[in-house]
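To keep things clear, I will list the structure first and then write my remarks on it.
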There are 2 protein chains.
Amino acid sequence: MEPETIVEQLQSKGHRMTVPRRWIIRVLCEADHHLTVEDVHRRLVENDIKVDEATVYRTLQWLKENEAVSQTDIGQGADVYCLIGDQPHHHLICLNCNHIVDVSDDLFAGLRETLIERYRFAPRIDHFAIFGLCEGCRSELARDED
Amino acid sequence: MEPETIVEQLQSKGHRMTVPRRWIIRVLCEADHHLTVEDVHRRLVENDIKVDEATVYRTLQWLKENEAVSQTDIGQGADVYCLIGDQPHHHLICLNCNHIVDVSDDLFAGLRETLIERYRFAPRIDHFAIFGLCEGCRSELARDED
DNA sequence: CTACATGCAAATCCTTTGCATCCAC
DNA sequence: GTGGATGCAAAGGATTTGCATGTAG
């Protein structure tokens, strides 16, 4: 997704566009994974952009409120942020080995429909973290129990 | 669910059963909602049970590892803990009014199957938090946009 | 010009940890 | 008796906030 698209969308909604905001959006666009606040901040510093970490927090919060990014607790201390874009994705996280597998969004098509129809609830399932056990750890743990 | 059942299950796995552990299990059994660490601790104090908050953290962590309770980030700062029991339940949380609706577990039957079949991943979907907009807030926000 | 965003530093809040003591088994 | 659990106090880490200053519109 292009930074300009997001910038324009936000401006058209009447939001102010500042230098830190532009840069944070750009960093998110260039990232191929989700990022923590610290990650975003580090990338800015690496590019000699002086932005306070509090500003990163505030900007990501603002982007989330404007449905441009998702915020997810993947159980690693700091929340991760990710551009929503056109193709949301989700994660399977192994409780044992912490390995993360990406899964596509169509997995949630049924759930989305049911929630809207049965509960009239419009879910923002843009970046789910599902915890559980991967195949390897499952068989390993089963073996240990003997 | 009865405290004794859980106590026995854990003992049979070779775990030590102490006074704080028994009480924390009891508090969880008597709660009809999920509780934060602080909630659990408060209820202990109210019953004149002197248990350190660090112990509550450690015990809940231990119960989670033994699949007796779920731990969920419902976006309110502190994580909430809940006995898994026989009938897991989940929550729809409105991003606008913060209202929480409980939903039953059968909503996730399809997702569980797909994850196991397609990814060989055994999800621990015992207490999901799905964020989104409830019907009321949705129409309210739609009205504001005009 | 003015409302809003930022930088800076301090505060807050949740959670974890080290270590001496205690107790379940 | 002994390994594991607890209490206590302190540390740690993520996130928020107050306020003076800067700046987009």
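Letters A, B, ... are given to chains in the order of the sequence lines, protein chains preceding strands, and every chain is numbered from 1.
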Let me know the distance between [atom1] of [X] and [atom2] of [N], rounded to the nearest Å.
{"X": "A/E8", "N": "D/dG25", "atom1": "CD", "atom2": "P", "answer": "13 Å"}
{"X": "A/Y57", "N": "C/dA5", "atom1": "OH", "atom2": "P", "answer": "20 Å"}
{"X": "B/H15", "N": "D/dG3", "atom1": "NE2", "atom2": "P", "answer": "18 Å"}
{"X": "B/Q61", "N": "D/dA5", "atom1": "CD", "atom2": "C1'", "answer": "15 Å"}
{"X": "B/H41", "N": "C/dC13", "atom1": "NE2", "atom2": "P", "answer": "17 Å"}
{"X": "B/E53", "N": "C/dT17", "atom1": "CD", "atom2": "C1'", "answer": "15 Å"}
{"X": "B/D39", "N": "C/dT15", "atom1": "CG", "atom2": "P", "answer": "11 Å"}
{"X": "B/K13", "N": "D/dG4", "atom1": "NZ", "atom2": "P", "answer": "17 Å"}

So, does [X] get its side chain near the phosphate of [N], meaning an N or O under 4.0 Å from OP1 or OP2?
{"X": "A/T55", "N": "C/dG7", "value": "yes"}
{"X": "A/T18", "N": "C/dT6", "value": "yes"}
{"X": "B/K50", "N": "D/dC8", "value": "yes"}

Closest approach of B/V7 to B/M17 (non-hydrogen atoms, all atoms of both residues) =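 What the structure gives for the nearest pair is CG1-CG, 3.8 Å.
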Specify the closest pair of heavy atoms between A/C134 and A/C94, including all atoms of both residues, with the distance to one decimal.
->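 Shortest heavy-atom separation between A/C134 and A/C94 comes out as N-SG, 3.5 Å.
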Are any side-chain N or O atoms of A/T72 and backbone N or O atoms of A/H127, one a donor and one an acceptor, separated by less than 3.5 Å?
->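 Yes, A/T72 side chain to A/H127 backbone: donor-acceptor pair under 3.5 Å.
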Look at the side chain of [X] and decide which nucleotide, out of [options], has an atom nearest to it.
{"X": "B/P20", "options": "C/dT6, D/dA14, D/dG7", "result": "D/dG7"}
{"X": "A/R16", "options": "C/dA24, C/dC4, D/dT17", "result": "C/dC4"}
{"X": "B/D79", "options": "C/dT15, D/dT15, C/dA24", "result": "C/dT15"}
{"X": "B/D52", "options": "C/dG7, D/dG7, C/dA24", "result": "D/dG7"}
{"X": "A/A78", "options": "C/dA5, D/dA14, D/dG18", "result": "D/dA14"}
{"X": "A/M17", "options": "C/dT15, D/dG25, C/dA24", "result": "D/dG25"}

Mind checking whether A/H91 and A/F128 have ring centres under 6.0 Å apart?
->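 Ring centres of A/F128 and A/H91 not closer than 6.0 Å.
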By nearest nucleotide on DNA chain C, pick out whichever of B/Y81 and B/V19 is the more 5' one.
->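 Going by which nucleotide is closer to the 5' end, it is B/Y81.
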Along DNA chain D (nearest heavy atom to each residue), the more 5'-positioned of B/R21 and A/Q11 |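 That would be B/R21.
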Has the side chain of A/R58 got a donor or acceptor atom sitting under 3.5 Å from an opposite partner on the base of C/dG7?
->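 Such a pair exists between side chain and base.
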Do B/F121 and A/R138 come close enough that some side-chain heavy atom pair is under 4.5 Å?
->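 In short, these two side chains do not touch, never coming nearer than 4.5 Å.
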